[in-house]
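Down below is the structure, laid out as structure tokens.
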Amino acid sequence: MARSIQTVVWPTVTEEEKQEARLGEVRREASNDADGIIQALKVLQAMEDRGMLDILLALLQRGEGVLAHVVDVLAKPEVTSSLETLIKSVQALGKLNSVGLLKTLDGVTAGLDRVAEAAPPEQHLGVYDVLRRLKDPDVNAGLAFALDFLQGMGRAVRTSGTEADAVGP
Amino acid sequence: MTDKYVHVELNGHEVLVEPGTTVLQAILGAGVEHPHVCYHPALGPIETCDTCIAEVNGALVRACSLPVEESMKINTKTVAARFARKEAMDRILKNHELYCTVCDNNNGNCTIHNTAMQMEIDHQAYPFEPKPYEKDMSNPFYRYDPNQCILCGRCVEACQNLQVSEVLSIDWSRENPRVIWDNDVPINESSCVSCGHCVTVCPCNALMEKSMLGEAGFLTGIEEDTLGKMIDITKKVEPGYSSIFAISEIEAEMREARIQKTKTVCTYCGVGCSFDVWTKDRKILKVEPQMEAPANQISTCVKGKFGWDFVNSSDRIVEPLVRRGDAFYPVSWEEALDVIETRLGQIRDEHGPDAIAYIASSKCTNEENYLMQKLARSVMHTNNIDNCSRYCQAPATEALRRTMGLGGDTGSIKDLEQADLVIIVGANPAEAHPVLSTRLRRAQKKYGQKLIVADIRKNIMAERADLFLHPNQGTDLVWLSGVAKYIVDCGKHDAQFLQEHVNNVDQFLASLEKFTLDYTSEVTGLSKEMLIQTAEMIMNAERVCICWAMGVTQHLGGSDTSTAICNLLLLTGNVARPGTGAYPLRGHNNVQGAGDFGCAPAMLPGYELVSDPEIRNKYEQAWGTPLPTNPGLNNHQMVDAIHEGKLKAMYLIGEDMAVVDSNANYVQQAFEKLDFFIVQDVFFSKTAEFADVILPASPSLEKEGTFTNTERRIQRLYQVLPPLGNSKPDWQIIQLVANRFGANWNYTSPRQIFEEACSLTELMKGATYERLEGYQSLQWPVAADGTDTPLLYQDGFFFPDKRARFYPVDWTPPIALEAEYDLELNNGRILEHFHEGNMTNRVPGIHEKVPETFVEVSKELAAERGLQDGTLVRLISPYGKVKLPVVVTDRVSGKHIYIPQLSPKAEQAVNLLTSSHHDKATFTPAYKEMRVKMEVLEFTGKSPFVKGNFRLGHPNPQPGVNVEMKWARKDYRPLVTDRS
Ligand code: SF4
Ligand code: SF4
Ligand code: SF4
Ligand code: FES
């Protein structure tokens with residue numbers, strides 16, 4: 001005989017128990033990935049030594065404000081024009097002899113070596129050619145280094161709950 | 001050999017192409033990159049963008065629309081062609097601001113981005129010009145940004161000619177053309193059904209899933225103001241697009257790293273759409289259908305495209321729950337299994353294995369259904385195993401097995417597309433099988449397919465039908481037989497086919513004798529002219545398909561009417577040829593698979609009979625246990641057996657039987673009598689309220705496995721998300737239970753289960769996970785070498801002599817009730833919700849659009865009883881009563897009323913009204929035969945149809961995007977050579 005019932009009695013969990021459970025989780029995770037965590041701690045320490053943590057913290061806490069400020073600075077005509085120069089030189093770089101260009105990038109990602117080998121030595125690579133190469137999985141994996149930085153930045157500047165769809169006119 | 005092909009010269013090289021292909025297809029087929037912004041393979045040429053221009057025999061033409069001809073000279077590289085394409089692209093970019101890095105559509109698959117890059121567009125000839133319109137954010141699922149809209153018209157073509165909801169058009173007459181909904185109303189006030197076709201085909205970010213906004217990119221969540229300034233700067237400094245592309249390409253690659261794209265198969269209906277789900281952690285960013293998807297290509301309905309948020313609902317059960325006294329208590333898995341082991345064990349020891357019953361689920365995977373019947377038979381030693389296809393599809397299966405041999409649709413959706421005439425009987429595919437219905441609507445609108453709809457309600461397909469038959473309730477068998485007799489009397493049956501392929505001809509013809517036009521017309525209420533017209537349409541069609549569903553099956557004579565359909569198809573030779581056949585439309589995503597994998601009392605996997613000692617022996621060998629020989633109970637008999645005190649315990653998976661079985665009060669009373677009841681579900685359903693133990697299961701997105709759709713098509717789903725909380729995939733739970741009873745199973749993946757199951761059957765011998773990798777699929781029967789069978793019976797029917805059999809049937813009049821029950825009750829699905837709504841009602845956007853259930857009444861009844869939208873009525877049948885708000889509509893007429901199966905509140909479930917009467921052969925309840933009386937409780941109230949309900953909109957049918965109107969505009973200068 002079982003009547004239909006809807007009541008579920010959830011055990012009352014005290015703050016302490018919750019905390020204990022969370023700590024347990026942290027311990028579990030930490031022991032699962034001890035190497036990674038030790039590495040991360042070293043990185044953190046190095047950053048702290050060089051005063052970078054403070055800067056990052058400030059950036060992350062003030063995300064949107066900082067970005068807005070940066071944007072305002074960038075919008076000044078003199079800055080804009082030096083930016084232009086910068087971008088132009090990047091483009092010029094793209095027109096360099098492919099071996100030269102790829103050497104510059106060599107230190108950054110080992111994956112590019114393969115592209116260098118594949119490319120006929122004297123051929124000039126435009127920006128578009130380089131872009132196409134980015135589709136190469138090896139190269140692409142090499143790019144992952146930039147991910148963490150941008151991710152942090154994206155998260156910091158995102159304001160939660162805003163309907164921040166594309167820009168208006 | 002070579003004359004099969006057309007020879008053309010492409011940029012100086014000779015290439016061979018298949019006749020009927022377009023110049024564009026020839027170019028792309030030869031591996032040459034060539035822009036084509038408005039052309040989409042699912043839509044065909046619409047010629048709005050001019051970016052595909054090539055020089056053909058010296059003239060500039062749109063490559064996407066021109067068919068190849070012998071000796072054609074195609075040149076894509078001439079200066080004139082390149083110039084024309086560049087100009088076309090410039091015109092597009094005038095309508096579209098390139099801010100790719102901060103655009104949520106920059107995911108490597110943006111057509112505009114890719115085309116601009118491919119064409120190496122570096123500077124823009126015409127500055128971007130904003131349009132004087134606001135973004136439309138009104139629809140809960142997607143938004144339109146006129147400023148980014150390039151007016152390619154893909155969305156319009158998709159809406160008008162693929163989905164055929166006929167909502168969208170481009171208003172070319174304005175100074176600034178834009179896409180409009182209906183006659184230019186906000187999206188959410190239009191007739192838009194939110195199928196998402198338009199969003200899927202849009203080549204840019206003009207139409208976007210709202211769930212993507214601010215989520216897809218690393219920089220796309222930035223506040224509008226800041227972002228605006230950033231874009232301005234970018235534009236100011238920008239010496240050319242290439243640098244923007246450089247950054248955005250890198251960023252797009254990085255997005256790949258954190259957005260997961262996983263193929264799944266829809267959990268809702270039997271069409272079996274498959275698509276990629278994009279997720280970021282547990283957030284569902286969007287559903288992205290793919291051209292390779294065998295059942296649906298890029299099509300979806302609102303549920304498949306936008307209906308997944310329920311997986312993250314806070315209502316999910318994520319701990320096992322055990323009843324103690326008057327409440328449920330969360331427990332560990334071990335504790336829950338302890339309780340199950342003790343109680344089920346006791347009951348089995350005390351009352352024998354047949355005192356326990358098992359109900360599998362057509363929402364679960366094939367693997368899970370296989371395990372459930374293996375648990376019942378091999379571990380718990382009973383054939384008391386069934387699934388909910390008993391509620392809908394068993395009569396159709398029975399009929400097909402009677403006449404042709406195999407219990408599945410005889411062909412594929414492709415055959416439905418190819419038919420000259422489609423007849424829909426007692427089905428509402430526009431709402432219950434949405435994507436399948438789009439194929440019929442497209443075939444009718446674009447290719448002149450004819451459509452007959454026989455239904456007691458004027459549903460969406462009936463509105464579009466060339467001939468709408470509205471027979472009296474429960475008389476389909478009569479008109480089908482009457483039409484068959486008329487065809488025989490005209491001598492237009494396929495005598496040769498009958499002679500070569502069909503038995504029992506004389507008996508069948510004799511059984512038709514009584515169905516004269518007079519008799520048929522009298523019983524069905526259809527005029528003789530209509531009957532004759534129906535027969536003529538069948539006789540004049542080369543290829544005929546008949547679709548049917550619960551309007552046929554859920555009657556006292558459900559199996560017989562289904563049989564009459566099969567007989568009619570055989571009589572006219574409309575089976576075993578492309579474009580013909582019998583299509584019982586399976587309701588749930590895996591109704592077909594639950595039956596295929598043995599969840600029925602009399603049948604082991606592959607429809608092999610339990611009663612056959614040889615087959616039993618095969619399974620005993622394979623499973624290493626003896627198997628029960630007692631006949632098992634089907635789920636209808638189970639409910640009776642509980643009332644009779646014979647059945648003491650039940651283990652039920654993924655089925656809200658307390659609401660969806662007919663005569664719900666009787667079923668719920670039965671549940672109260674169970675000694676022990678295990679319910680395994682994703683949500684705390686009405687059925688779960690009666691449980692002793694509730695086991696938290698994972699929905700389809702959280703597991704691997706296969707589903708089999710209405711086309712007998714087996715498709716793989718991959719795990720998109722990890723199980724939430726302590727919930728588990730059903731196959732794991734079943735294994736845990738089985739092992740408590742000594743099963744010693746050790747399955748570590750659904751693959752093992754699937755391959756064990758299929759290798760044991762004859763029907764699916766060659767089905768393996770490898771052959772189902774990605775978007776590949778197999779339609780059973782699957783031979784050992786992996787050959788599958790999209791179209792059945794081409795090598796003969798599934799009987800020893802390879803001949804089909806007529807199976808004469810007679811009419812069973814519907815249930816009769818006293819005169820006080822004066823209204824005829826019908827019920828069925830609605831588009832937005834699935835079935836009773838346990839999942840869809842927890843999708844916020846769907847809930848917003850259709851928050852509650854209702855009863856449809858006719859205008860005549862409304863006038864007679866003073867009803868209006870929102871009037872609150874009580875409906876009473878001899879079995880129960882429900883309270884519902886009224887909607888007045890001409891979808892129903894006279895004394896006919898309609899209640900959707902949707903029941904967010906269990907006390908509004910239509911099945912509180914239906915009876916336990918059932919189909920004679922299969923025990924499928926006669927859901928569609930009930931009469932009720934009505935009491936008005938409150939004359940005025942809030943209409944259950946709220947803003948956002950597509951039924952309140954006013955479609956705007958158009959032949960397509962009407963590109964001629966674009967070409968006729970004064971500001972349009974042609975880029976192709978004038979050939980007039
Ligand atoms: S019905 Fe709505 S969602 Fe579907 S294609 Fe038309 S406008 Fe788009
Ligand atoms: S909204 Fe329609 S017309 Fe505009 S770009 Fe998208 S598909 Fe093309
Ligand atoms: S509910 Fe049916 S039609 Fe809709 S997406 Fe899912 S399988 Fe396709
Ligand atoms: S692709 Fe040919 S006109 Fe658009």
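Throughout, protein chains are lettered first and strands after them, A, B, ... in sequence-line order, and every chain is numbered starting at 1.
In this view, B/Y651 satisfies the ring pair (Phe, Tyr, Trp, His ring centres under 6.0 Å) rule with no residue, not counting sequence neighbours. A/S4 is linked by a side chain to side chain contact (heavy atoms under 4.5 Å, CB included) to B/K686, B/E689, B/F690, counting only residues two or more places apart in sequence or in another chain.
Residue A/E17 qualifies as enclosed at atom CD: its count of foreign heavy atoms under 6.0 Å is above 12.
Closest heavy-atom contact between A/T7 and B/D326: OG1-O, 3.7 Å. For the residue pair A/V9 and B/P330, the shortest heavy atom distance occurs at O-CD, 3.0 Å. Between B/E319 and A/W10, the closest heavy-atom pair is CG-CZ3, 4.0 Å.
At a 4.5 Å heavy-atom cutoff, B/E134 makes no contact with chain A through either its backbone or its side chain. Proximity to chain A (any heavy atom under 4.5 Å) is shown, for B/Y329, by both the backbone and the side chain.
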